[in-house]
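What follows is a set of notes on a single structure, which appears directly below.
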Amino acid sequence: MHPSQMFMPEVKNLYNGILADRASSINLKIQILKNLQTYLQEEDTRMQYADRDWKKLSKQEDLKEMGDISSGMSSSIMQLYLKQVLEAFFHTQSSVRHFALNVIALTLNQGLIHPVQCVPYLIAMGTDPEGSMRIKSDQQLVEIDKKYTGFIHMKAVAGMKMSYNLQQAIESSRRNIIRGFRQEETTSALCAHLFSMIRGNRQHRRAFLISLLNLFDDMNMLLFVADNLACFPYQSQEEPLFIMHHIDITLSVSGSNLLQTFKELLLKEPRRKEKKIKVLKQMSDGEDEEEKIHCDSPRSNEEGNNENEDVVRRPKKAKKPVPESESSESDLEDLDLEDVEKVMRLLPDNPTGLLDFANSVQGILLLLVLKQHLKNQYGFSDGKIQKYSPTESAKVYDKAVNRKNTVVFHPRQTIDFISNNMFRATLSNDVKRRIVRQYLDFKVLMEHLDPDEEDEEGEASASANIRNKAISALLGGSGPMSGPSPRNQAGPETDDDYSDGDEKTPGSSRRSRRAVDSMNEIVESMDVIALCCPKYKDRPQIARVIQKTSNGYSIHWMAGSYSGPWADAKKRDGRKQVPWVDTIKESDIIYKKIALTSNHKLSNKVVQTLRSLYAAREGGAS
């Protein structure tokens, strides 16, 4: 009866204080929301009567002389309490959320506030467990979208974040892992209605999906966003293909950076004292086991005693181009030599970097699971995914998709990671070993991520086979600690070229034959070559030939990595960036006439051969 009282500082502070305080009485919160709801309902009734009366008096009254004071008052009142009413959406009690939604719905229907500020909150309410509230909030979003095109898209990502906050509030008492789908007759994404509103506009849809993929840097929202992306109601082939295409891009860029970060964490030399203690502990396992362990341990003229000196030096008899384990860099560069124990000996004392890597890699792993899920659910082949281009006409991929409802999205490794609170885990040996296994399997995956365009059919399928095994190991298909590692799975090259009794050294087999064939080639201008210049420690060293000189060749260095693209390198000359030109001897060349892929990357065959050649060079040098 006296709405002007709501402008009083005492009433304003009392109302906002109770609504904002999480510890305040639920009944008081509901009473305040009821008061606001009653006021808005009476105001709505009064306006209907006024509208009816106006039709009778419209010809006699002058609009300029009339002042619509009451409607201005209700708008001002709602502006005072709007923020606290919206925040009441995130209450654990559904009754509080119910009355808050009623107040906002009445406010929007009367046009008392600008609707854009309510959009993310309404998106969040669309994920409420109670169906009646979902329907009401979705209706409000549809009305807003009709009147203000683009508002929903503008606030979509903010709405996703608030949806996660709402689920956090609802699940806070139960301490369950927050998931982003609803299991009823079929599995549906919590934010399915939001996606269905955006998907009609191709530009808005793509921007929204890319924004969601970028949220994978936020550890807290990982699983919630992935669940939604896995369960969105996709209708055309273009939608899941677009997501998988950008997952591949993210894997290529972020994955390479992660691997490089992990390598920089490792010590340059393995721990000798720790290794010695391990050897002493395992002496009781028998002479054969002891001999095997000592063969892997680094040589030292200063440490160790005479009793085991002969055992330590036995590897000298094997004249193979395998670098000793003291050369940690070549160990890390060579797939055939890498194993968990060798990397474990290179781990630093400070565990912070390892935990950071373990946390960061979860986003990459979850993207992998998501890609595999979409691939299986919609029946896409690797070839179809690779051929997809987002720049092609929309009509090319406008075919309807067939969804297999039997495929369940269950990222077990991420769920275990969150359940066990691995964010702040104590780094025991078991946890360290698991992180190292993840690193090694992830490294294999990155090296086989892109299929070779030049590969023969047999070798291409072998590369895909290794890639799939690496994915399986990373995603915990047979448990993270069981089953053979994809690093040790032999490709087709090894079956014919190795005998049972021979050690599989990296310089053997077809790789060495390819290297020999390469070195018989004549180097010409503009050829891409691989080098091993003693003055540089980078691996691999790739350059483009400019011309032949009297002492060797003039070259233009290139910048890149084993798994990344290559481009001409530049160096700083004063304030300018100039091409990095150098001269090299012919003896520095280890591989001639490298053919880069269409993505300007090294093919898998070349990567494997270069690793072998560098390992052989460094093994001979040591």
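The shown structure was predicted, so the numbers you read here are calculated from the model rather than taken from an experiment.
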Just by modelled atom types, is the [Y] backbone N or O under 3.5 Å from a matching donor or acceptor in the [X] side chain?
X	Y	result
E171	R179	no
R97	H91	yes
S24	I18	yes
N13	P9	yes
Y81	M6	yes
E239	Q235	yes
K146	L141	no
N109	A105	yes
K404	Q377	no
T127	A124	yes

So, do S236 and K399 sit near enough that their side-chain heavy atoms are less than 4.5 Å apart?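 A side-chain contact under 4.5 Å is absent here.
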Side chains of T92 and I170 in contact at under 4.5 Å (non-hydrogen atoms):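 They are not in side-chain contact.
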With a sphere of 6.0 Å drawn around [atom1] of [X], does it hold more than 12 non-hydrogen atoms of other residues, nucleotides or ligands?
X	atom1	value
Q203	CD	no
K384	NZ	yes
R22	CZ	no

Closest non-hydrogen atom pair between [X] and [Y], with its separation:
X	Y	answer
I364	S254	CD1-CB, 3.6 Å
F99	K34	CZ-CE, 3.4 Å
E130	D128	N-OD1, 2.9 Å
Q117	L86	O-CD1, 4.2 Å
L213	I243	CD1-O, 4.1 Å

Under 6.0 Å between ring centres: does that hold for F409 and F181?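 No.
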Please tell me whether F242 and H246 form a close aromatic pair, meaning their ring centres lie under 6.0 Å apart.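 Yes - the distance between ring centres of F242 and H246 falls below the 6.0 Å cut-off.
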With rounding to the nearest 0.5 angstrom, report the [atom1] to [atom2] distance, [X] to [Y].
X	Y	atom1	atom2	value
S389	Y397	OG	OH	6.5 Å
Y164	I178	OH	CD1	4.0 Å
E10	Q5	CD	CD	9.5 Å
L28	L19	CG	CG	10.0 Å
K136	I104	NZ	CD1	11.0 Å
M73	F7	CE	CZ	5.5 Å

Can you see whether [X] engages [Y] through a side-chain donor-acceptor pair at a distance of less than 3.5 angstrom?
X	Y	answer
Q31	N35	yes
S74	Q110	no
K83	N16	no

side-chain contact (heavy atoms from CB on, under 4.5 Å) between L347 and V436, worked out: CA-CA 9 Å; L347 293 180; V436 169; 4.0 Å; yes
Could you label the plane-to-plane angle of the Y388 and H245 rings as parallel, tilted or perpendicular, counting under 30° as parallel and over 60° as perpendicular?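 Y388 and H245: perpendicular rings.
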Name the orientation class of the two ring planes belonging to F90 and Y121 (parallel below 30°, tilted from 30 to 60°, perpendicular beyond 60°).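 Answer is tilted, since the angle falls between 30° and 60°.
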Residues [X] and [Y] bridged, charged N to O under 4.0 Å:
X	Y	result
E238	R205	yes
R134	D138	no
D382	K375	yes

Could you please spell out the steps behind the ring pair (Phe, Tyr, Trp, His ring centres under 6.0 Å) verdict for H114 and F151? CA-CA 11 Å; H114 198 288; F151 272 16; 5.5 Å; yes
